[in-house]
Amino acid sequence: MCAPLIGALSDVYGRKSFLLITVFFTCAPIPLMRISPWWYFAMISVSGAFSVTFSVIFAYVADITQEHERSTAYGLVSATFAASLVTSPAIGAYISTFYGDNLVVLLATVVALLDICFILLVVPESLRDKMRPNFWGAQISWEQADPFSSLKKIGKDTTVLLICITVFFSYLPEAGQYSSFFLYLKQIIGFNQGSIAAFIAVVGILSIVAQTVFLSILMRSIGNKNTVLLGLGFQMFQLAWYGFGSQPWMMWAAGAVAAMSSITFPAVSALISRCAESDQQGVAQGMVTGIRGLCNGLGPALYGFVFFLFHVELGGLVPVPSTDDKTTSKDTGEEGAVIPGPPFLFGAIAVLLAFLVALFIPEHSNHSKNLIGGKQGINGNSQTNNADRGGNEDIEPLLQDTSV
């Protein structure tokens, strides 16, 4: 709920302030890990409302790039995020092993503070001055800041609605996969800790290559929509392979396919960016981030429930199978011998639905005028613009598009 709200407010007051707020609340729980578990739980609950950094960052990118450059820029943002996922677990594990957890938390806190200082001192404001009020107390309409209003209005733009449905069905299995996949590798497939660390590193590096090199090539050669469809195809394939795979080499091969599927999110972000005006980028990206946040809650629950239905037990305290013990992983997954990973197959079906929905997304669409109802609280001109547009947009039926 908060992602569209923060995105809409960043459309009004600028990106930098909300970038500071979202990064601060994302990082604020880190030092509390070693201070108090209860305070950590309380802060991470508050953090969930504000740690929607991606919607602000992607809106910032849309502010400073041309439309044809955005997919590459979004790919770079996602690639740097993947790079941090590759390096930080290895660094954290090494420091924890040799120097203890306290130093890990301290180092993470220092890095977070440096990040905040970097935003404060180096990162410029991306939103043009003429698009922002002169002071923070300037009045804005509730329609601009109301996340429910913005979510209701996606039904009036078929392209945005189709993109949001695509994001939901594609990210739901991805969120569930993140919550259980490495434990699944460890206890069902038989990976040890070193193999899991290597798997993260290799898939992460391949994801960086996919989102920087291949993404820009694909966007130029086959277009935005087809790039999304190709990414969904890779995701479907890797989930099915994870579901039926029972050998470590199958997981490695599927991991390479999973790296290619990482092109989907930056391509979708570029697609949603094209459907919004320059003063609506925050709320548009906030919709996608909000749907991903919803999936982060539902995905792990869905995967856990499917594992339970098929009697695949993932217990965090089970010892890691050693290299000379060949029976542990086979005994653990004995009941799931035909389909070792049922949730991954359910995920593949969900991605298939996303693929079918994405087929109806038009390759070229006009900017959505209805996402947040214009800047009528700040700019008197928007009232005139709204009058010129007339009332047809407010009653546009969901299925007016003949292709749908």
Side-chain angles (χ1 to χ4, degrees), residues 4 7 11 55 58-59 61-62 65-75 78 150-172 214-236 261 263-292 350-374 385 388-404:
D11 287 333
S55 61
F58 280 3
V61 171
T65 57
Q66 299 297 321
E67 189 173 294
H68 67 277
E69 302 171 329
R70 284 177 194 163
S71 58
T72 303
Y74 290 149
S78 299
S150 63
L151 290 174
K152 284 187 293 186
K153 286 178 179 175
I154 66 174
K156 297 178 182 178
D157 188 292
T158 54
T159 302
V160 175
L161 179 63
L162 291 172
I163 293 172
C164 289
I165 295 173
T166 300
V167 170
F168 178 80
F169 282 117
S170 64
Y171 195 71
L172 184 67
F214 291 107
L215 178 64
S216 60
I217 295 173
L218 290 170
M219 290 292 291
R220 288 195 303 268
S221 58
I222 65 175
N224 202 156
K225 174 186 172 179
N226 290 329
T227 301
V228 172
L229 292 173
L230 183 62
L232 292 173
F234 280 122
Q235 185 181 3
M236 206 184 333
S261 71
I263 63 175
T264 305
F265 182 51
V268 165
S269 299
L271 203 57
I272 196 79
S273 176
R274 289 167 45 191
C275 297
E277 295 283 6
S278 58
D279 61 345
Q280 299 174 338
Q281 294 293 329
V283 69
Q285 299 294 343
M287 289 177 189
V288 175
T289 305
I291 290 172
R292 285 166 64 90
V351 177
L352 175 60
L353 294 176
F355 185 92
L356 295 175
V357 172
L359 287 173
F360 292 100
I361 298 174
E363 179 66 43
H364 303 287
S365 64
N366 295 326
H367 289 300
S368 170
K369 307 292 185 182
N370 263 330
L371 288 179
I372 57 174
N385 294 337
D388 292 339
R389 288 198 297 265
N392 290 334
E393 290 179 349
D394 294 332
I395 58 173
E396 179 189 1
L398 174 62
L399 299 180
Q400 183 175 350
D401 191 336
T402 55
S403 66
V404 180

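Position 1 is the first residue of the sequence; numbering continues from there. All of these numbers come straight from a predicted model, not from anything done at the bench.
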State, with a plain yes or no, whether a side-chain heavy atom of [X] is found less than 4.5 Å away from one of [Y].
| X | Y | answer |
| --- | --- | --- |
| L232 | T166 | yes |
| F265 | V288 | yes |
| N226 | L229 | yes |

Using the side-chain contact (heavy atoms from CB on, under 4.5 Å) criterion, which residues pair with [X]? Sequence neighbours excluded.
| X | result |
| --- | --- |
| S55 | V52, Q285, T289 |
| T72 | S216 |
| I165 | L161, F169, V357 |

L218 and side chain to side chain contact (heavy atoms under 4.5 Å, CB included): which single residue from V228, I263, N224 fits? I263
If I take atom CZ from residue F214 and atom OG1 from residue T227, how far apart are they, to the nearest 0.5 angstrom? 13.0 Å
Output yes when a side-chain donor or acceptor of Q235 lies under 3.5 Å from a complementary backbone atom of V351, and no otherwise. no
Would you name the heavy atoms of [X] and [Y] that are closest together and state the gap between them?
| X | Y | answer |
| --- | --- | --- |
| L215 | A267 | CD1-CB, 4.4 Å |
| L359 | K225 | O-NZ, 2.6 Å |
| S273 | R70 | OG-NH1, 2.8 Å |

Looking at residues at least two apart in the chain, or sitting in another chain, which of them share a ring pair (Phe, Tyr, Trp, His ring centres under 6.0 Å) with Y74? F58
